[in-house]
Enquirer: 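Structure provided below as structure tokens; questions to follow.
All chains are named by letter (A, B, ...) in the order of the sequence lines, taking the proteins before the strands, and each is independently numbered beginning at 1. Note: hydrogens, waters and symmetry copies are ignored here, and every other heavy atom, side chains too, is used.
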Amino acid sequence: MNDYQPEIFEPRAQQQWEKDQRFAAREDAPGDKYYCLCMFPYPSGALHMGHVRNYTIGDVLSRFQRLNGRNVLQPMGFDAFGLPAENAAIKNKVPPAQWTYANIDDMVAQLKQLGFGYDWSRQVITCKPEYYRWEQWMFTRLFKKGLAYRRNAVVNWDPVDQTVLANEQVVEGRGWRSGALVERREIPQWFLKITDYAQELLDGLDSMDGWPDSVRTMQRNWIGRSEGLELSFDVEGDRAPLTVFTTRPDTLYGATYMAVAAEHPLAEEAAASNPELATFLQECKTVQAAEAAMETMEKKGMSLGINAIHPMTGKPVPIWVANFVLMSYGTGAIMAVPGHDVRDGEFARKYGLPIVQVIAPTDGQQVDVQAEAFCEHGVAINSDDYDGLSSEQVFERMADHFEKTGRGRRQVNWRLRDWGVSRQRYWGCPIPIINCPDCGDVAVPEQDLPVVLPENVEFTGVGSPLHTMDEFIQCKCPQCGSDARRETDTFDTFMESSWYYARYACPGSDDAMLDERADFWTPVDQYIGGVEHAILHLLYARFYHKLLRDEGLVNSDEPFTNLLTQGMVLKDGYKMSKSKGNTVDPKGLIEQYGADTVRLFAMFAAPPEQSLEWSEAGVEGASRFLKRLWKLVNEFAQDGIAGDIDAAALNAQQRALRSETHNAIAKVTDDFARRHTFNTAIAKIMELVNALSKFDDNSEQGRAVAAEGWKAVLVMLAPITPHIIEPLWPMLSAQGVHDQRWPEADADAMQRDQITIVVQVNGKLRARIECEPGQSRETLEATARQEDNVARFLEGKTVRKVIVVPDKLVNIVVT
RNA sequence: GCCGGGGUGGCGGAAUUGGUAGACGCGCCGGAUUCAAAAUCCGGUUUUGGAAACAGAGUGGGGGUUCAAGUCCCCCCCCCGGCACCA
């Protein structure tokens with residue numbers, strides 16, 4: 001018997017799989033299609049533990065479905081455009097393309113070492129023109145449909161480096177390299193009209209049963225549909241009215257001030273004659289574009305000295321400028337109701353603005369809105385004719401009133417904003433637009449695509465190299481032929497990751513973005529990736545799928561039928577990351593222990609949805625289990641291949657082991673297929689291995705029953721540790737390992753001769769009864785009462801109630 | 001700040017529909033093997049009291065519902081993810 005030597009049989013197995021093309025997916029293969037997809041990695045260099053975990057889950061599910069006869073597609077690729085390549089380019093003086101391709105080579109080698117069953121012939125690398133040309137093509141289609149448009153939007157501007165910063169590059173309000181205070185700056189940007197699809201994206205969530213409720217809830221809240229009233233306040237003097245949106249028109253009588261954004265024309269007008277105000281407006285601009293920064297910063301404001309006129313009372317309402325009101329969201333102005341909105345209330349108390357209660361609780365309780373805003377619905381007070389009506393009634397009457405007078409209208413408002421797809425960066429997909437001085441923005445014609453990103457560039461880090469490349473910028477207008485300039489913005493990398501899943505289905509398609517194979521494989525049956533993508537990536541991909549559908553490229557409405565969101569990989573309680581310096585390199589682990597051990601530990605340490613705490617000792621444990629399995633199977637197989645089971649001829653011990661085997665099969669099958677809790681599946685398999693190792697019966701039927709158990713162990717482990725099975729299986733069976741199907745639990749074999757019934761007195765455990773299953777309530781109660789320790793607690797007490805849960809528990813309630 | 005998730009032995013975690021809290025693994029303790037160690041094998045391991053039988057306590061904190069609560073309800077604390085230019 002050899003020792004467990006994964007360094008020998010793992011590469012051997014991998015070579016065999018590759019030679020047999022075992023994971024090449026074919027549309028004409030037998031079985032229902034099963035498309036299993038893991039979120040593709042950004043090629044940052046080496047694989048990290050999050051990848052190992054993610055891709056092991058995907059491989060386990062793929063191999064499990066394959067064992068169940070499905071026609072599996074499991075592809076892999078690289079999300080190759082992005083910011084880190086630019087940073088690496090600055091640091092190492094290597095062009096982003098070169099760095100990226102080198103990383104991809106390394107990562108492919110590591111993925112192969114881990115034994116993942118991918119169809120590599122379908123690999124997608126998003127920075128290659130043959131991929132992104134279709135993204136550009138699609139964009140030109142959307143542009144022509146009016147779904148892509150350009151408008152001004154806010155970016156983080158570093159005034160020293162003269163460059164746009166990502167939110168990540170802003171540290172405590174300052175540019176990470178220059179240290180300069182970051183400013184908000186408005187520049188022209190390309191957008192996709194995701195808001196046109198807001199209702200469909202929201203409604204779709206209701207029927208997406210294969211997604212976790214948490215993700216659906218997050219997306220629902222993100223889309224944020226609200227019904228309200230848009231209404232306008234006249235402004236003193238000869239000025240345009242202020243239009244605001246409110247979901248609480250029932251609180252209109254409590255509006256005691258207005259607030260506008262720093263960029264609002266009214267604010268700018270007032271600042272012209274007020275230097276103090278001008279200074280404040282300037283200050284408002286040194287705030288990050290990020291929402292979190294906006295929400296957590298100190299709320300500040302200043303009076304404009306201009307009044308609006310309350311549309312109901314005709315009284316003057318002071319207009320303030322506030323740093324938390326943004327010009328780009330809504331109308332750039334809000335009506336403030338400090339008595340019934342938390343933020344308005346805090347602002348009012350800070351600046352001594354009046355607070356008026358206009359809603360009272362329905363139950364008649366007193367509230368003090370001077371101290372704390374009352375935000376619930378209730379009954380109107382201090383609201384003239386509306387007094388005594390419910391919030392809902394006031395809403396309707398207000399809406400009618402404003403629509404009748406033409407001063408407002410009912411409106412559905414969305415929190416969701418259009419998708420800004422412009423990036424002022426080099427390492428991304430060029431936006432296929434030409435700006436002509438006469439014709440304006442013109443889409444690059446189909447025959448001129450792709451607009452190829454030059455890869456051989458000198459990268460300094462100050463601005464995009466594209467800005468200074470005349471040969472890239474200078475072009476002719478496709479419409480009028482005059483001199484024009486090419487767009488130098490590139491796409492948000494979420495654009496690439498919004499359709500790659502469909503492109504995997506169509507390798508080699510040079511004439512179209514997608515062909516009919518896309519509809520064969522999509523929607524993805526199982527999508528797996530980090531929780532951190534719960535909103536942005538997954539919402540954009542859902543949106544893009546609908547764009548593909550409306551372009552006639554796919555038939556389905558949603559791209560991902562089932563979603564599994566895996567938790568983070570932690571070390572010492574922190575997210576494993578380069579910046580924390582607490583990474584564990586999978587490469588060394590694979591070399592030391594083998595791929596099976598790494599995969600086994602990753603699946604055993606925690607259920608997929610939870611965060612996983614990394615532990616070297618745990619890896620040791622996984623390795624020990626595989627060594628033990630290796631030894632035990634070798635020992636068992638020394639006496640040759642066992643014969644068949646004769647169920648009628650089994651003794652009690654043999655029946656008990658067989659019951660364990662089949663109960664384990666049932667449990668593990670459920671864990672794999674429904675719960676995706678591979679940790680408990682592995683625990684059950686370990687229990688079965690423990691039982692098999694203790695089972696010492698060399699009779700013919702004893703060996704037959706044990707062999708059934710060992711074979712079940714190997715097949716059930718195969719998705720997780722696919723390598724060790726290859727050399728072990730032939731020791732137990734004359735049949736080939738790849739002809740095996742997932743084992744089925746036999747209901748008769750699962751039956752147990754003896755079960756344990758729990759006996760409680762007043763809910764406290766007092767005894768256990770061993771008996772055959774299926775005892776009547778009366779028998780169970782009588783047996784329970786006879787237990788010494790039970791009788792002891794019943795003595796001198798009156799039995800009030802006896803609860804019997806058949807085959808489970810007896811609870812005797814006494815006083 | 002807002003939205004979502006989580007908190008159970010020394011550690012990772014289990015308990016699936018309200019029904020034995022701590023499966024399985026790690027670590028630790030004891031034993032076997034060994035000249036010795038590593039490796040391996042066997043046994044023990046929530047905690048307090050007890051030789052044991054057994055009893056008391058116990059799932060972030062506080063309250064509640066129930067014959068029965070880690071699980072359901074209310075309030076609070078802490079940790080993690082996302083917040084639209086990291087991917």
Enquirer: Under 4.0 Å, counting only non-hydrogen atoms across every strand here, what does A:D670 touch: a base, just sugar-phosphate, or nothing?
Expert: base
Enquirer: Determine whether the side chains of A:Y149 and A:D418 contain a donor N or O and an acceptor N or O closer than 3.5 Å.
Expert: yes
Enquirer: With heavy atoms under 4.0 Å as the rule, sort A:F625 into base, sugar-phosphate or nothing.
Expert: nothing
Enquirer: Taking the chi torsion of B:rG4, is it syn (within 90° of 0) or anti (everything else)?
Expert: anti
Enquirer: Think A:R220 has a side-chain N or O under 4.0 angstrom from the OP1 or OP2 of B:rG4?
Expert: no
Enquirer: Looking for any heavy atom pair under 4.0 Å, which part of the strands does A:H537 touch: base, sugar-phosphate only, or nothing?
Expert: nothing
Enquirer: May I ask you to say whether A:D788 pairs ionically with A:R792, meaning some side-chain N is under 4.0 Å from a carboxylate O?
Expert: no
Enquirer: Taking a pair as Watson-Crick or G-U wobble with both distances under 3.5 Å, which nucleotide is matched to B:rC11?
Expert: B:rG25
Enquirer: Is there a donor and acceptor pair, one atom on the side chain of A:R674 and one on the base of B:rU16, closer than 3.5 Å?
Expert: yes
Enquirer: Using atom P in both nucleotides, what's the gap between B:rC35 and B:rC29 to the nearest angstrom?
Expert: 24 Å
Enquirer: Tell me what A:Y42 touches on the nucleic acid: a base, only sugar-phosphate, or nothing, going by heavy atoms under 4.0 Å.
Expert: sugar-phosphate
Enquirer: Among the candidates B:rG25, B:rA15, B:rG4, find the nucleotide nearest to the side-chain atoms of A:T217.
Expert: B:rG4
Enquirer: Over 60° means perpendicular and under 30° means parallel, so classify the ring planes of A:F543 and A:Y197, tilted if in between.
Expert: perpendicular
Enquirer: By nearest atom, which of the nucleotides B:rG19, B:rC41, B:rG1 is closest to the A:T296 side chain?
Expert: B:rG1
Enquirer: Reckon A:L83 touches a base, only the sugar-phosphate, or nothing at all at heavy-atom distances under 4.0 Å?
Expert: sugar-phosphate
Enquirer: Which is more 5' along RNA chain B, the nucleotide nearest A:L765 or the one nearest A:S615? Just name the residue.
Expert: A:L765
Enquirer: Send over the distance from A:D418 CG to B:rA84 P, rounded to a whole Å.
Expert: 16 Å
Enquirer: Is there a side-chain polar atom (N or O) of A:K801 under 4.0 Å from OP1 or OP2 of B:rC67?
Expert: yes
Enquirer: Using a heavy-atom cut-off of 4.0 Å across all strands, would you classify A:V155 as base, sugar-phosphate, or nothing?
Expert: base
Enquirer: Which nucleotide sits closest to the side chain of A:D79: B:rG1, B:rA87, B:rG81?
Expert: B:rA87
Enquirer: Taking the six-membered ring of A:W222 as reference, does the cationic atom of A:R415 (NZ for Lys, CZ for Arg) lie under 6.0 Å from its centre and within 45° of its axis?
Expert: yes
Enquirer: Any donor-acceptor pair under 3.5 Å joining the side chain of A:R800 to the base of B:rC67?
Expert: no
Enquirer: Can you figure out which of B:rC85, B:rG81, B:rC24 approaches the side chain of A:F604 most closely?
Expert: B:rC24
Enquirer: Could you pick out which residue, A:V813 or A:R768, lies toward the 5' side of RNA chain B when each is mapped onto its nearest nucleotide?
Expert: A:R768
Enquirer: Answer yes when A:K667 and A:E687 have at least one side-chain N-carboxylate O distance shorter than 4.0 Å, and no when they do not.
Expert: no
Enquirer: Donor-acceptor pair under 3.5 Å: do we get one between A:E613's side chain and the base of B:rC11?
Expert: no
Enquirer: Which part of the nucleic acid, if any, lies within reach of A:T677 when heavy atoms closer than 4.0 Å are counted: base, sugar-phosphate only, or nothing?
Expert: nothing
Enquirer: Applying a 4.0 Å non-hydrogen cut-off, can you work out what A:E346 is touching in the nucleic acid: base, sugar-phosphate, or nothing?
Expert: nothing
Enquirer: How far does the C1' atom of B:rC28 sit from the matching atom of B:rG12, given to the nearest Å?
Expert: 15 Å
Enquirer: Work out how far the C1' atom of B:rG7 is from that of B:rG70, and round it to whole angstrom.
Expert: 11 Å
Enquirer: Pick base, sugar-phosphate or nothing for A:I682, based on heavy-atom distances below 4.0 Å to the nucleic acid.
Expert: nothing
Enquirer: Is the phosphate of B:rC54 approached by A:R792 (side-chain N or O, under 4.0 Å from OP1 or OP2)?
Expert: no
Enquirer: Would you classify A:M568 as touching base, sugar-phosphate or nothing, given that sugar-phosphate means primed atoms plus P, OP1 and OP2, and contacts are heavy atoms under 4.0 Å?
Expert: sugar-phosphate
Enquirer: Under 4.0 angstrom, heavy atoms only, what part of the nucleic acid is A:K667 near: base, sugar-phosphate, or nothing?
Expert: base
Enquirer: Closest to the A:R425 side chain: B:rG25, B:rC85, B:rA84?
Expert: B:rC85
Enquirer: Say you pick atom P in B:rG49 and the same atom in B:rG10; how far apart are they, in whole Å?
Expert: 15 Å
Enquirer: Could you tell me the separation between the CZ atom of A:R415 and the C1' atom of B:rG1, rounded to a whole number of Å?
Expert: 12 Å
Enquirer: Is any side-chain N or O of A:Q610 closer than 4.0 Å to OP1 or OP2 of B:rA14?
Expert: yes
Enquirer: Below the 4.0 Å mark, does B:rC85 have OP1 or OP2 next to a side-chain nitrogen or oxygen of A:R423?
Expert: yes
Enquirer: If you look at every strand shown and take non-hydrogen atoms under 4.0 Å, does A:R766 touch a base, only sugar-phosphate, or nothing?
Expert: sugar-phosphate
Enquirer: Is any N or O donor-acceptor pair between the side chain of A:N811 and the base of B:rC67 shorter than 3.5 Å?
Expert: yes
Enquirer: Could you tell me if A:R185 and A:N152 have a donor-acceptor pair between their side chains, going purely by distance under 3.5 Å?
Expert: no
Enquirer: So what does A:E291 hit on the nucleic acid, given a heavy-atom distance under 4.0 Å: a base, only sugar-phosphate, or nothing?
Expert: base
Enquirer: Check this one for me: any side-chain N or O of A:N679 less than 4.0 Å away from OP1 or OP2 of B:rC24?
Expert: no
Enquirer: Does B:rG4 have a Watson-Crick or wobble mate here (both distances under 3.5 Å), and if so which one?
Expert: B:rC80
Enquirer: Determine, for A:F191 and A:R151, whether the Lys NZ or Arg CZ falls below 6.0 Å from the six-membered ring centre while staying within 45 degrees of the axis.
Expert: yes
Enquirer: Determine the Euclidean distance between corresponding C1' atoms of B:rC67 and B:rU16; express it in Å to zero decimal places.
Expert: 23 Å
Enquirer: Write down the distance separating the P atoms in B:rG60 and B:rG13, rounded off to the nearest Å.
Expert: 14 Å
Enquirer: Do any side-chain nitrogens or oxygens of A:N789 fall under 4.0 Å of OP1 or OP2 in B:rA53?
Expert: no
Enquirer: For the pair A:D213 and A:R216, find out whether any cationic side-chain nitrogen is under 4.0 Å from an anionic carboxylate oxygen.
Expert: yes
Enquirer: Counting only side-chain N and O atoms of A:T493, is one of them less than 4.0 Å from OP1 or OP2 of B:rA87?
Expert: yes
Enquirer: Would you measure the distance from the P atom in B:rC73 across to the matching atom in B:rA55 and give it in whole Å?
Expert: 32 Å
Enquirer: Categorize A:K764 for me: base, sugar-phosphate, or nothing, with a 4.0 angstrom heavy-atom threshold over every strand shown.
Expert: sugar-phosphate
Enquirer: Does either side chain, that of A:T490 or that of A:R425, offer a donor lying less than 3.5 Å from an acceptor on the other one?
Expert: no
Enquirer: What interatomic distance, in whole Å, is found between C1' of B:rG22 and the corresponding atom of B:rU47?
Expert: 12 Å
